[in-house]
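Heads up: the structure comes next, in structure tokens.
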Number of protein chains: 2
Amino acid sequence: MPRDVFSALADPTRRQVLDLLSRRERAAGELGRAFPHISQPGMSRHLRVLREAGLVRVRQVRRHRYYSLQTDRLAEVDAWIAKYRGFWATELDSLEAYLDARPRPRKDRPR
Amino acid sequence: MPRDVFSALADPTRRQVLDLLSRRERAAGELGRAFPHISQPGMSRHLRVLREAGLVRVRQVRRHRYYSLQTDRLAEVDAWIAKYRGFWATELDSLEAYLDARPRPRKDRPR
DNA sequence: CCATCGCATAACCATATTGGTATATATTGT
DNA sequence: ACAATATATACCAATATGGTTATGCGATGG
């Protein structure tokens, strides 16, 4: 079933897995060995979450399952963040000037 | 205590709150009324998570607590995603060509 | 002062998530 | 056919999360 991409990224281990995959594809066991404090089934389930979120693909070759990055969904996250990029790009960290420059939408009445 | 920014972003309601704040600062109650299906304490706790993640600031004016965006941490998330931006930017969605151009990691022997 | 507003916290509950051990399944080597 | 390899699933305990109601508390208005 489809998973929320943001939730999938909420786990630091899963983000690190994606970091590894960003360099090259890797077999499940190879990924598991990169995180010695996590058991094999533990890693397998992290990979499942990433699969269900559409963040990775699997390709079976002989006995191995090679995971690789699927970037479409990451692009969605990037699109979400893009809305905010202007804030720090323009050094407008205090926000105040930006807000004051707007036409004051008048948000007093609830609906 | 410090919160993980990615976990804070994992909740859709909290992302919508940030979307609202990206336009202008808002009082807590104003934010609450924007989500009629969530109780006042519910929203208050979402705001706490956002505070602890450093994603918002609060400014108290008379009886109201005005929340506004704090973009530093979002910039961190953006920096993380930036590493992947090249993937979809270069139309290399299938990844295969990219991987095949590499020297075959030969991952048969465990260690 | 006292009531009320605006919001946070506390206490509680249901569900989700994460991690572990044990086990299943599929593929390959002998 | 059998053992070994590679990975996934089942099951369970511990904790985290998100929501609700009840309550606390500072600030304000009468």
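By convention in this document, chain letters (A, B, ...) are assigned in the order of the sequence lines, proteins followed by strands, and residues within each chain are numbered from 1.
Between the CZ atom of A:Arg48 and the C1' atom of D:dT7 there is a distance of 12 Å, rounded to whole Å. Atoms CZ (A:Arg26) and P (D:dA6) sit 17 Å apart, rounded to a whole Å. Regarding A:Arg59, its CZ atom lies at a distance of 15 Å from the C1' atom of D:dA6, rounded to whole Å.
The residue A:Tyr67 sits close only to the backbone: its heavy atoms come under 4.0 Å of sugar-phosphate atoms, none of a base. Note on B:Phe35: nothing from the nucleic acid sits closer than 4.0 angstrom, heavy atoms only.
Not a single salt bridge (charged side-chain N to carboxylate O under 4.0 Å, His left out) links B:Arg48 to another residue, sequence neighbours left out. A:Arg14 meets the salt bridge (charged side-chain N to carboxylate O under 4.0 Å, His left out) test with no other residue; sequence neighbours excluded. Residues forming a side-chain hydrogen bond (donor to acceptor under 3.5 Å, both in side chains) with A:Arg51 (at least two apart in sequence, or on another chain): A:Tyr67. Annotation: side-chain hydrogen bond (donor to acceptor under 3.5 Å, both in side chains) contacts of A:Arg26 (sequence neighbours excluded): none. Residues satisfying the salt bridge (charged side-chain N to carboxylate O under 4.0 Å, His left out) test with A:Arg45, not counting sequence neighbours, are none.
Counting Ile, Leu, Val, Met, Phe, Trp and Tyr side chains that sit under 4.5 Å apart, directly or through other members, B:Val49 stands alone, with no cluster partners. Its side chain within the 4.5 Å cluster rule, B:Tyr66 clusters with B:Val61 among the Ile, Leu, Val, Met, Phe, Trp and Tyr residues.
A 4.0 Å heavy-atom criterion places the boundary nucleotides of DNA chain C facing chain B at C:dT4 to C:dA11, written 5' to 3'.
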| query | How does protein reach along nucleotides 19-26 of chain D, written 5' to 3' as B (base within reach of a heavy atom under 4.0 Å), S (only sugar-phosphate), or - (no contact)? | reply | BBBB----
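With hydrogens and angles ignored, the 3.5 Å screen pairs a side-chain donor or acceptor of B:Ser22 with a backbone N or O of B:Asp19.
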